[in-house]
Amino acid sequence: MKRLVWIMRGLDAVLVIVGLVLLVVSHGRVVTHWNGNGVVDATGPRYMVFTIPVVLVVYGEVSLWLARRRRRVDGLEGINVMLANEWRYVGGAVVLTVVGLITMPLQVGLHLF
């Protein structure tokens, strides 16, 4: 269980740190939506760059709660390895992290590729 906590909170920390850096770099408003053609059609205040990190933190904490609950129900609280069903939570967190690392720089106008 400790490994799952470290992985989930580590991914949270990565996006929060990236968000803080982008908050410093951003100029006033950030992009909050692109239309189907890739044209900006909505902007918001600078703090909106933290939307994806907040979603990831909530997802991570709910995932940890569900994993603890599942271990308690199954009587597996004493096992110190990640169970097979806990890897799906890590997969979801990795997807959210990748989406955040791609879209957050675009929100503040940094085109990395």
Side-chain angles (χ1 to χ4, degrees):
M1 188 70 188
K2 288 181 183 180
R3 184 173 294 159
L4 178 63
V5 172
W6 277 100
I7 291 171
M8 298 301 274
R9 298 227 170 111
L11 291 172
D12 292 347
V14 167
L15 274 191
V16 169
I17 290 169
V18 168
L20 289 171
V21 169
L22 292 174
L23 185 67
V24 172
V25 172
S26 67
H27 303 292
R29 300 185 68 76
V30 297
V31 176
T32 58
H33 192 265
W34 294 270
N35 67 13
N37 295 325
V39 178
V40 174
D41 62 357
T43 60
R46 288 174 21 172
Y47 68 83
M48 293 295 287
V49 79
F50 284 107
T51 303
I52 295 175
V54 166
V55 169
L56 180 62
V57 168
V58 170
Y59 173 82
E61 293 305 313
V62 169
S63 297
L64 291 173
W65 179 79
L66 288 171
R68 284 187 186 107
R69 182 172 166 252
R70 182 68 171 185
R71 281 178 177 244
R72 188 172 44 250
V73 167
D74 293 343
L76 301 172
E77 294 167 311
I79 296 178
N80 290 329
V81 296
M82 282 184 52
L83 303 175
N85 65 344
E86 294 170 352
W87 282 101
R88 65 182 164 182
Y89 302 131
V90 173
V94 167
V95 167
L96 283 171
T97 302
V98 169
V99 167
L101 291 174
I102 291 171
T103 59
M104 288 168 60
L106 293 174
Q107 283 184 288
V108 297
L110 296 176
H111 300 282
L112 303 176
F113 48 91

[X] with [Y], same ILVMFWY side-chain cluster at under 4.5 Å:
X	Y	value
Val16	Val94	yes
Val49	Val98	yes
Tyr47	Ile17	no
Met104	Val55	yes
Leu76	Val81	yes

How about [X] and [Y]: do any of their side-chain heavy atoms sit closer than 4.5 Å?
X	Y	value
Leu4	Leu83	no
Val18	Leu101	yes
Leu23	Phe50	yes

Grab the two heavy atoms, one from [X] and one from [Y], that are nearest each other, plus how far apart they are.
X	Y	result
Gln107	Thr32	NE2-CA, 4.4 Å
Ser26	Val108	CB-CG1, 3.5 Å
Val90	Met8	CA-SD, 4.2 Å
Leu11	Leu56	O-CD2, 3.6 Å
Ala93	Tyr59	N-CE2, 3.5 Å
Leu96	Ile52	O-CG2, 3.9 Å

message: Assess whether a salt bridge exists between Glu86 and Arg3, defined as any Lys/Arg side-chain N lying under 4.0 Å from an Asp/Glu carboxylate O.
response: no
task: Would you check if the side chain of Arg71 reaches a backbone N or O of Arg68 as a donor-acceptor pair within less than 3.5 Å?
output: no
task: Give a yes or no on whether Asn35 atom CG has more than 12 heavy-atom contacts from other residues, nucleotides or ligands under 6.0 Å away.
output: yes
